[in-house]
Amino acid sequence: MRRELKRLTKLEPSSSGFILLLGVDRVHPQLAHHNIFFSHDYEDEFNDIFARGLPPREPTIYVAITAKTDAAHAPTGCENWFVLVNTPAENGRFNWQTQAEGYRDLVLACLAHDFDLDVRDHLRYTKTVTPPQLEILSGARNGALYGQSSNDRMAAFRRPHNRASAVKGLYFAGGTTHPGGGVPMVTLSGKVAADLVLEDMN
């Protein structure tokens, strides 16, 4: 068991994310449920994340507004924004405890200046979620959203199995285990784990 834990903690983690949950007191007809605003320098963004190990200075920004699909998700005349920026997993190079507010301001400034979406004076609610907080909330080591890094061609086959080999009765489901990250894969992971539980109960 200790040998396996030691092996797992040596694996390179995947990327993490910086999340903003925003209550916006205006409506943006030009936006859809899913919106992606790409960095003007994609290569430099990737260098920031994967080479320098820092949150990108000019990030690609994903904005989801579920009220576009279900109006009950926000008060009339308002929108609920889920904002996600890719970052490195927690590595000690960026102090999220003291710098999260400044990085939030950078992301909001990018939306305002680069994409003409200035919501800074229209925020009824703001909550930030950093990589260390993601680790606490999800149990994912260093806040890595997809578990171990997929930097080699065999990585997908080395994901933790849904049935624990060392602990009887322990099952895994989610983006850090088989078959992978993203809503469809996580849903499938839950189904696989449930099927294994039922199989073992029989």
Side-chain angles (χ1 to χ4, degrees), residues 6-22 31-65 81-120 126-160 174-186:
K6 189 175 180 180
R7 183 188 72 81
L8 290 172
T9 54
K10 284 184 176 179
L11 294 174
E12 180 186 357
S14 68
S15 59
S16 186
F18 176 71
I19 297 169
L20 295 176
L21 304 174
L22 306 177
L31 298 181
H33 183 130
H34 299 287
N35 310 270
I36 301 179
F37 303 98
F38 289 99
S39 166
H40 297 302
D41 191 337
Y42 219 40
E43 183 176 353
D44 195 50
E45 178 185 15
F46 274 60
N47 282 334
D48 277 345
I49 296 171
F50 298 108
R52 300 182 189 104
L54 294 169
R57 294 161 290 184
E58 188 182 336
T60 293
I61 304 170
Y62 168 71
V63 179
I65 309 171
W81 283 30
F82 171 92
V83 180
L84 174 66
V85 169
N86 290 316
T87 70
E90 172 59 27
N91 57 22
R93 297 183 196 174
F94 189 84
N95 189 331
W96 285 107
Q97 191 168 357
T98 61
Q99 295 177 272
E101 186 174 334
Y103 197 68
R104 177 202 65 194
D105 294 344
L106 181 147
V107 172
L108 293 174
C110 283
L111 285 169
H113 299 146
D114 297 340
F115 305 104
D116 198 26
L117 289 167
D118 194 348
V119 297
R120 291 172 292 186
T126 305
K127 179 178 176 64
T128 61
V129 183
T130 65
Q133 290 170 323
L134 283 170
E135 179 173 22
I136 293 168
L137 291 168
S138 69
R141 187 171 68 90
N142 298 332
L145 296 174
Y146 311 103
Q148 69 188 67
S149 171
S150 298
N151 288 343
D152 72 72
R153 64 182 64 186
M154 297 303 292
F157 302 101
R158 296 193 186 110
R159 284 188 170 277
T176 63
T177 186
H178 177 78
V183 173
M185 293 296 100
V186 168

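As the structure is a computational prediction, the values presented were derived from the model and not from experiment. What you see below is based on every heavy atom in this structure, not just the backbone, and it leaves out hydrogens, waters and symmetry mates.
- In this structure, Asp48 and Arg57 have side chains that are in contact, with non-hydrogen atoms separated by less than 4.5 Å.
- Nearest heavy atoms, Pro132 versus Glu90: CG-OE1, 3.4 Å.
- In this structure, His40 and Phe115 have parallel ring planes: the angle between them is below the 30° cut-off, well short of the 60° mark.
- A side-chain donor-acceptor contact under 3.5 Å links Asn35 to the backbone of Val63.
- Residues Pro59 and Cys110 come closest through the heavy atom pair CD-SG, 3.8 Å.
- The minimum heavy-atom distance between Val129 and Gln133, with the atom names listed, is CA-OE1, 3.2 Å.
- For the atom pair Phe18 CZ and Leu106 CG, the distance stands at 9.0 Å (nearest 0.5 Å).
- Asp116 CG: 12 or fewer foreign heavy atoms inside a 6.0 Å radius.
- Residues Pro88 and Ile49 come closest through the heavy atom pair CG-O, 3.5 Å.
- Contact record, Thr87 with Pro55: CG2-CB, 4.3 Å, taken as the closest heavy-atom pair.
- Between the Asn142 side chain and the Ala144 main chain, no donor and acceptor come within less than 3.5 Å of each other.
- Residues Leu20 and Arg104 approach most closely at CD2-CG, 3.4 Å, considering heavy atoms.
- Side-chain N or O atoms of Thr60 include one that pairs as donor or acceptor with a backbone N or O of Ser39 at under 3.5 Å.
- The shortest side-chain heavy-atom distance between Ile19 and Leu134 falls under the 4.5 Å cut-off.
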